[in-house]
Visitor: 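Right, I'll just put the structure down here and ask away after.
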Amino acid sequence: MHAAKGLEWDAVLLPNLVEGVIPIVHAKTPAAVEEERRLLYVAVTRAREHLYLSWSSGPRGRSPVAFA
């Protein structure tokens, strides 16, 4: 996602949108969480035609990302 700024694709796939991944577990401060939100926004807005978002509760019991 960091390198996506300014680029576009016909289709964008964003897998594993779960807490602890987005925002990353290391984002502890409000500013760090806001930066993660901004990065997700950049990734979502890179799709020209198709955007696919996925998440799973999986074995770790994580929930979908709160701001997705």
Side-chain angles (χ1 to χ4, degrees):
M1 287 191 287
H2 291 274
K5 189 173 181 181
L7 302 174
E8 288 187 336
W9 293 273
D10 290 337
V12 171
L13 172 64
L14 298 174
N16 205 21
L17 294 175
V18 295
E19 293 293 331
V21 176
I22 300 291
I24 194 164
V25 71
H26 304 295
K28 302 285 186 196
T29 67
V33 171
E34 187 58 33
E35 176 65 10
E36 292 289 300
R37 183 187 316 262
R38 187 191 69 75
L39 286 172
L40 180 59
Y41 174 82
V42 168
V44 166
T45 58
R46 301 304 89 192
R48 277 183 271 217
E49 295 183 30
H50 305 284
L51 174 64
Y52 302 96
L53 307 174
S54 72
W55 60 89
S56 171
S57 58
R60 296 182 189 159
R62 292 180 174 171
S63 59
V65 93
F67 54 72

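Since we're looking at a predicted model, the values are computed, not measured. Position 1 is the first residue of the sequence; numbering continues from there.
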Visitor: State plainly whether one hydrophobic cluster holds both Tyr41 and Leu7, where clusters connect Ile, Leu, Val, Met, Phe, Trp and Tyr through side-chain heavy atoms under 4.5 angstrom apart.
Guide: no
Visitor: I need the minimum non-hydrogen distance between Arg48 and Glu8, along with the two atoms involved.
Guide: NH2-O, 3.1 Å
Visitor: So how far is it from Thr45 OG1 to Leu40 CG, rounded to the nearest 0.5 Å?
Guide: 9.5 Å
Visitor: Not counting sequence neighbours, list each pair that qualifies as a side chain to side chain donor-acceptor pair (under 3.5 Å) and has a residue in residues 25-34.
Guide: Glu34-Arg37
Visitor: So do Leu51 and Leu14 actually touch side chain to side chain, heavy atoms under 4.5 Å?
Guide: yes
Visitor: If you compare all heavy atoms of Ala27 against all heavy atoms of Glu36, which two are closest, and at what distance to 0.1 Å?
Guide: CB-CG, 4.0 Å
Visitor: So, taking the atom named CG in Leu17 and the one named CH2 in Trp55, what distance separates them when rounded to the nearest 0.5 Å?
Guide: 8.0 Å
Visitor: In the single-linkage hydrophobic clustering (I, L, V, M, F, W, Y; side-chain heavy atoms under 4.5 Å), do Val21 and Leu53 co-cluster?
Guide: yes
Visitor: Are Val42 and Val33 connected, step by step, through hydrophobic side chains (Ile, Leu, Val, Met, Phe, Trp, Tyr) whose heavy atoms are closer than 4.5 Å?
Guide: no
